[in-house]
Amino acid sequence: MKFGEIKNLELGELNKRLKTLRKELAELRFKNRMGRLENTSLIRSMRRDIARVQTAINLKRQSSEG
């Protein structure tokens, strides 16, 4: 997921996406602990996607305040 795709979304959509990404990350972590996750780099990329969405949310909030 690229930041250019994320920054054009509305705040509500960003919050929904953040919620689903966090849920998916929890599932990946659970699978990893159970030894069923073959590609562990998915956890890293999911964390980075969450950070991108959070950055976009913060930018939207800052622009609406000022």
Side-chain angles (χ1 to χ4, degrees):
M1 186 178 333
K2 303 248 179 186
F3 187 73
E5 301 169 5
I6 297 170
K7 71 178 182 177
N8 297 326
L9 298 175
E10 296 294 323
L11 190 59
E13 176 99 18
L14 288 170
N15 286 325
K16 287 180 189 176
R17 183 153 306 178
L18 181 63
K19 185 176 180 178
T20 58
L21 286 172
R22 285 183 173 165
K23 183 178 178 181
E24 290 174 15
L25 178 62
E27 291 172 4
L28 287 176
R29 285 181 173 161
F30 179 73
K31 286 180 183 178
N32 190 32
R33 291 182 201 264
M34 298 300 290
R36 298 179 194 259
L37 185 63
E38 293 182 19
N39 188 0
T40 57
S41 67
L42 292 175
I43 293 173
R44 182 179 183 182
S45 65
M46 189 70 60
R47 284 187 10 238
R48 289 181 176 192
D49 288 343
I50 289 172
R52 286 185 189 105
V53 171
Q54 287 177 331
T55 300
I57 289 172
N58 288 335
L59 289 174
K60 295 266 183 191
R61 287 184 179 158
Q62 286 177 355
S63 67
S64 67
E65 288 176 358

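When reading the values below, keep in mind they use all heavy atoms of this one structure, side chains included, and skip hydrogens, waters and symmetry mates. All values derive from a computational prediction rather than experimental measurement.
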**Message:** Can you give me the closest heavy-atom contact between V53 and L21, atom names plus distance?
**Reply:** CG2-CD1, 3.8 Å
**Qualifying side-chain hydrogen bond (donor to acceptor under 3.5 Å, both in side chains) pairs, either residue in residues 41-61, two or more places apart** = N39-S41, D49-R52
**Request:** Rounded to the nearest 0.5 Å, what's the gap from CD on E10 to CG on N15? Could you check?
**Result:** 11.5 Å
**Prompt:** Could you give the distance from CD (E24) to OG1 (T20), rounded to the nearest 0.5 Å?
**Reply:** 5.5 Å
**Message:** Checking one residue: L59. Which other hydrophobic residues are in its cluster under the side-chain 4.5 Å linking rule?
**Reply:** F3
**Prompt:** Would a hydrophobic clustering, with Ile, Leu, Val, Met, Phe, Trp and Tyr connected at side-chain separations under 4.5 Å, put I50 with F30?
**Reply:** no
**Asked** If you round to the nearest 0.5 Å, how far is CG of L9 from CZ of R17?
**Response** 5.0 Å
**Nearest-0.5 Å distance, NZ of residue K16 to NZ of residue K19** = 10.0 Å
**Request:** Please name the pair of heavy atoms, one in I6 and one in L14, separated by the smallest distance, quoted to 0.1 Å.
**Result:** CG2-CD2, 3.4 Å
**Message:** Grouping I, L, V, M, F, W and Y whenever their side-chain heavy atoms are under 4.5 Å apart, do M1 and L25 come out in a common cluster?
**Reply:** yes
